[in-house]
Q: 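Have a look at the structure that comes next, please.
All of these numbers come straight from a predicted model, not from anything done at the bench. A note on names: the letters A, B, ... follow the listed sequences, proteins ahead of strands, and every chain is numbered from 1. Side chains included, hydrogens not; waters and symmetry mates left out as well; all remaining heavy atoms used.
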2 protein chains.
Amino acid sequence: MDYEAVISSFNDALSSGKTIVLGFKGKVVYSGRAESVLQDGDRLAIIKSDRTLLIHQPSGSNPVNYMKEGSEHHLKKDEHNLVLSSRNLPLKEFMDIYIKAVYFLHAAPLLDSQKLQLAGTERDMALMLMQNPGLIEQGFTPLSNEEHTKYGFIDVFGYDRSQNLVVVECKRQQADLSAVTQLRRYVEKIKKMKGLARVRGVLAAPKISPNALAMLTDWGFEFRAVSPPNYFERHSQGQKSLEDF
Amino acid sequence: MDYEAVISSFNDALSSGKTIVLGFKGKVVYSGRAESVLQDGDRLAIIKSDRTLLIHQPSGSNPVNYMKEGSEHHLKKDEHNLVLSSRNLPLKEFMDIYIKAVYFLHAAPLLDSQKLQLAGTERDMALMLMQNPGLIEQGFTPLSNEEHTKYGFIDVFGYDRSQNLVVVECKRQQADLSAVTQLRRYVEKIKKMKGLARVRGVLAAPKISPNALAMLTDWGFEFRAVSPPNYFERHSQGQKSLEDF
DNA sequence: GGGGAGAGATGCCGC
DNA sequence: GCGGCATTTCTCCCC
């Protein structure tokens with residue numbers, strides 16, 4: 001591929017805010033929050049309209065290297081090869097890509113103002129428990145959302161039927177040791193703030209790891225098997241599908 | 001763009017394990033671990049040789065939607081549009097992309113056997129402290145790696161000059177509340193395993209948040225300002241650069 | 001802008 | 001495969 005033509009197309013695309021996709025063979029060197037070298041291989045470079053740079057290998061879901069939004073990119077010829085230099089001065093991050101071959105270069109002015117609508121998060125799970133407190137236990141009475149925030153980042157917070165305070169920590173997937181220590185931290189915070197000797201801690205998650213369960217029971221806390229709400233599962237039998245949104 | 005030609009190119013690329021890049025306008029619907037809808041917009045779809053699918057919007061560093069390695073992908077015509085259906089039956093995940101326009105389609109047989117060489121990780125920081133125990137304090141004696149692993153995932157572990165056990169937790173960036181609770185968990189584990197009343201806990205990080213510092217001192221632990229080793233900074237004044245590797 | 005915490009987290013290593 | 005944990009985590013929310 002003609003390097004002059006590549007540089008020309010690249011600069012044109014960059015200045016007009018197009019999204020650029022480059023298939024190349026080369027080496028990637030990064031220096032910033034850490035340091036890395038990735039020896040020659042075939043990769044995909046993507047420069048977005050916000051000047052984010054992603055380097056993707058032909059497998060795996062994460063980029064092997066990247067530069068954050070607002071970075072500067074310069075493509076230039078260096079002896080026999082192309083070099084793509086990216087820098088982000090405010091973040092003190094630098095990347096150099098030594099390009100040995102260009103397989104393809106494509107640029108298009110992509111426009112997208114949409115945001116992802118997501119259901120089934122931990123927040124949805126907490127809302128579900130506020131609306132169905134019986135999923136924690138009979139007689140559980142959640143406090144309002146206002147009061148909830150007053151005590152910090154506690155997912156669900158309320159009283160059991162004996163007027164004991166209950167702190168509920170939700171996890172949308174299997175709860176681990178850090179979920180237990182997080183719950184413990186919240187319970188201790190409430191005890192201290194309220195001057196109470198007894199505050200119950202409940203961990204609500206679809207499942208829990210054995211070690212986490214051991215630590216949970218050691219600390220006198222409880223586990224409730226609860227899964228996050230799933231819009232599709234709740235509505236699919238009733239004719240409606242996600243696609244209708 | 002001719003849809004028949006697109007489908008033909010796509011199927012050919014997919015069956016031969018090429019990496020595919022598709023610039024398109026359309027809607028993305030996902031159902032699996034959660035549920036999501038993303039209304040019409042211009043995006044990039046990437047299918048890697050391991051059949052990972054990434055959907056990227058024209059800004060931001062993370063994919064807005066994705067399907068994991070090993071998913072199946074089928075592109076077909078549906079009335080006036082194209083539909084890319086992806087499914088991963090073992091993971092019970094599904095995605096449908098309703099394509100209103102194809103801006104470009106490119107496929108190339110990318111080959112890459114290299115792994116990223118990364119320096120400046122938390123593990124590197126722990127090794128640095130093992131080799132320079134004075135960074136923790138004078139008289140600190142780390143135990144060997146074998147003994148270290150015996151007690152679990154503790155970063156650095158040793159004795160101070162008064163033969164007190166010291167547990168060191170490293171963070172490569174600012175330490176937060178969860179770093180303190182993690183340290184606390186390790187200290188308690190060692191106390192229990194060894195039957196000791198006193199075990200020191202040290203948090204080594206470049207900095208620490210105010211609340212984390214408060215909790216740390218509440219628990220009688222200590223903070224040491226230590227930054228992860230940075231290969232480039234250590235060698236740049238001595239002529240050598242990362243690029244030489 | 002910083003702190004705190006979730007994420008459809010992903011990826012790595014160890015058992 | 002699961003468990004435990006780091007990540008150049010990234011992203012969002014809220015102060």
Side-chain angles (χ1 to χ4, degrees), chain A residues 28 30-36 52-55 59-69 71 88 91-95 115-116 118-126 149 152-155 169-179 182 185-186 207-213 228 230 232, chain B residues 30-36 52 54-55 60-69 88 90-95 115-116 118-126 149 152-155 169-182 185-186 207-215 228 230:
Chain A
V28 184
Y30 161 78
S31 173
R33 281 175 289 178
E35 314 271 326
S36 76
T52 297
L53 166 63
L54 306 174
I55 309 292
S59 68
S61 45
N62 273 358
V64 65
N65 278 119
Y66 56 92
M67 293 286 284
K68 289 181 151 179
E69 179 183 7
S71 300
N88 191 313
L91 300 175
K92 292 181 192 163
E93 299 201 291
F94 306 89
M95 189 185 299
K115 288 193 64 175
L116 186 73
L118 185 64
T121 62
E122 186 182 290
R123 168 140 195 83
D124 293 329
M125 196 172 157
T149 57
F153 298 90
I154 294 168
D155 293 332
E169 173 62 28
C170 302
K171 290 294 161 192
R172 68 177 308 284
Q173 53 187 142
Q174 175 169 289
D176 56 14
L177 290 171
S178 81
Q182 190 180 2
R185 179 150 52 87
Y186 293 156
K207 51 180 185 163
I208 184 167
S209 74
N211 283 355
L213 182 58
N230 193 307
F232 185 71
Chain B
Y30 160 79
S31 173
R33 281 178 289 180
E35 315 271 325
S36 76
T52 297
L54 306 174
I55 309 293
S61 46
N62 274 355
V64 65
N65 278 119
Y66 56 92
M67 293 286 284
K68 289 183 149 176
E69 181 182 6
N88 191 313
L91 299 176
K92 292 181 192 164
E93 298 202 291
F94 307 89
M95 189 186 298
K115 288 192 63 174
L116 186 75
L118 185 64
T121 62
E122 185 183 292
R123 169 145 191 81
D124 293 328
M125 197 173 156
T149 58
F153 299 90
I154 293 168
D155 293 332
E169 173 62 27
C170 302
K171 290 295 161 192
R172 69 178 305 285
Q173 52 188 132
Q174 176 170 288
D176 57 14
L177 290 172
S178 81
V180 180
T181 57
Q182 188 180 2
R185 178 151 53 86
Y186 293 156
K207 49 180 185 160
I208 184 167
S209 74
N211 283 354
L213 182 59
M215 176 174 280
N230 192 308

Q: Using a 4.0 Å heavy-atom cut-off, does Ser178(A) contact any base of the nucleic acid, only the sugar-phosphate backbone, or nothing at all?
A: nothing
Q: Quick one: label Asn62(B) by what it contacts on the DNA or RNA (base, sugar-phosphate, nothing), any heavy atom closer than 4.0 Å.
A: sugar-phosphate
Q: Rounded to the nearest angstrom, tell me the gap between atom CG in Leu54(A) and atom P in dC10(D).
A: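 Result: 11 Å.
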Q: Give a yes/no answer on whether the side chain of Arg123(A) brings an N or O atom under 4.0 Å of OP1 or OP2 in dT11(D).
A: no
Q: Please tell me if Ser36(A) has a side-chain N or O lying less than 4.0 Å from either OP1 or OP2 of dT8(D).
A: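 The answer is no; no side-chain N or O of Ser36(A) sits under 4.0 Å from OP1 or OP2.
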Q: Got a second to check how far Tyr30(A)'s OH is from Leu116(B)'s CG, nearest 0.5 Å?
A: 10.5 Å
Q: Please give, in whole Å, the distance from dG3(D) P to Lys207(A) NZ?
A: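 From Lys207(A) NZ to dG3(D) P: 6 Å.
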Q: Distance check, C1' atoms only: dC5(D) and dA7(C), in whole angstrom units.
A: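 Between the two C1' atoms, the distance is 15 Å.
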Q: Quick one: label Leu116(B) by what it contacts on the DNA or RNA (base, sugar-phosphate, nothing), any heavy atom closer than 4.0 Å.
A: base
Q: Could you state the atom-to-atom distance from CG of Asn88(A) to C1' of dC10(D) in whole Å?
A: 15 Å
Q: Start with the C-alpha distance between Ser61(A) and Leu54(B), add both sets of side-chain angles, then the distance that settles side-chain contact (heavy atoms from CB on, under 4.5 Å), and finish with yes or no.
A: CA-CA 7 Å; Ser61(A) 45; Leu54(B) 306 174; 4.1 Å; yes
Q: Asp176(B) CG to dC5(D) P: how many Å, rounded?
A: 15 Å
Q: Heavy atoms under 4.0 Å, any strand shown: does Val64(A) hit a base, just sugar-phosphate, or nothing?
A: base
Q: Tell me the closest heavy-atom pair linking Asn88(A) and Ser71(A), and the distance in Å.
A: ND2-OG, 3.2 Å
Q: How far does CD of Gln173(B) sit from CD of Glu122(B), to the nearest 0.5 angstrom?
A: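 Atom-to-atom, Gln173(B):CD and Glu122(B):CD are 10.0 Å apart.
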Q: When the nearest nucleotide of DNA chain D is assigned to Arg172(B) and to Arg185(B) on a heavy-atom basis, which residue is associated with the more 5' position?
A: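 Result of the comparison: Arg185(B).
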Q: Shoot me the first and last contacting nucleotide of DNA chain C against chain A, ordered 5' to 3', at under 4.0 angstrom to non-hydrogen atoms.
A: dG4(C) to dG11(C)
Q: For the CD atom of Glu69(B) and the CG atom of Leu91(B), what is their distance to the nearest 0.5 Å?
A: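 Output value for this atom pair is 10.0 Å.
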Q: Is Leu177(A) touching bases, backbone alone, or none of the nucleic acid, heavy atoms closer than 4.0 Å?
A: sugar-phosphate
Q: Using the P atom on both, measure dG11(C) against dT11(D) and round to a whole Å.
A: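 After rounding to an integer number of Å, I get 16 Å for this pair.
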Q: If I take atom CG from residue Leu53(A) and atom NZ from residue Lys68(A), how far apart are they, to the nearest 0.5 angstrom?
A: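 Reported value, rounded in 0.5 Å steps: 13.5 Å.
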Q: Round to the nearest Å and state the distance from Asn65(A) atom CG to dT9(D) atom C1'.
A: 14 Å
Q: When you look at Met95(A) and Val28(A), which way does the side-chain contact (heavy atoms from CB on, under 4.5 Å) test go after all the steps?
A: CA-CA 7 Å; Met95(A) 189 185 299; Val28(A) 184; 3.7 Å; yes
Q: Carefully, step by step, assess Phe153(B) and Tyr186(B) under the rule side-chain contact (heavy atoms from CB on, under 4.5 Å).
A: CA-CA 9 Å; Phe153(B) 299 90; Tyr186(B) 293 156; 4.1 Å; yes
Q: In whole angstrom, what separates Tyr66(A)'s OH from dT8(D)'s P?
A: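 Rounded to the whole Å, the gap is 6 Å.
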Q: How is the base pairing of DNA chain C summarised as a dot-bracket string, given the Watson-Crick and G-U wobble criteria with both distances under 3.5 Å, [ ] for crossing and | for another strand?
A: |||||||.|||||||
Q: Grab the CD-P distance between Gln174(A) and dC5(D) for me, whole Å please.
A: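 It is 13 Å, rounded to the nearest whole Å.
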Q: Please lay out, stage by stage, how Met215(B) and Arg185(A) fare under the test side-chain contact (heavy atoms from CB on, under 4.5 Å).
A: CA-CA 10 Å; Met215(B) 176 174 280; Arg185(A) 179 150 52 87; 3.3 Å; yes
Q: Quick check on DNA chain D: between Ile208(A) and Gln173(B), whose nearest nucleotide comes earlier from the 5' end?
A: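 Of the two residues, Ile208(A) wins.
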Q: Once you apply a heavy-atom cut-off of 4.0 Å, does Glu69(A) come out as touching a base, just sugar-phosphate, or nothing?
A: nothing
Q: Quantified in whole Å, what is the P atom distance between nucleotide dT8(D) and nucleotide dG4(C)?
A: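 22 Å, rounded to whole Å.
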Q: As an exercise, state the distance from CG of Asp155(A) to NZ of Lys171(A), rounded to the nearest 0.5 Å.
A: 7.0 Å
Q: Touch check for Glu93(A), heavy atoms < 4.0 angstrom, all strands: base, sugar-phosphate only, or nothing?
A: base
Q: When all nucleic acid strands are considered with a 4.0 Å heavy-atom cut-off, which category describes Asn211(B): base, sugar-phosphate, or nothing?
A: sugar-phosphate
Q: Heavy atoms only, 4.0 Å cut-off, all strands: where does Met125(B) land among base, sugar-phosphate and nothing?
A: nothing
Q: Can you name the residues that form a side chain to side chain contact (heavy atoms under 4.5 Å, CB included) with Ala212(B), not counting sequence neighbours?
A: Leu177(B), Val180(B), Ile208(B), Ser209(B)
Q: Could you state the NZ-C1' distance from Lys171(B) to dT7(D), rounded to the nearest angstrom?
A: 10 Å
Q: May I ask you to say what Tyr186(B) touches in the nucleic acid, namely base, sugar-phosphate or nothing, with a heavy-atom cut-off under 4.0 Å?
A: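 Counting heavy atoms under 4.0 Å across all strands, the contact made by Tyr186(B) is with sugar-phosphate only.
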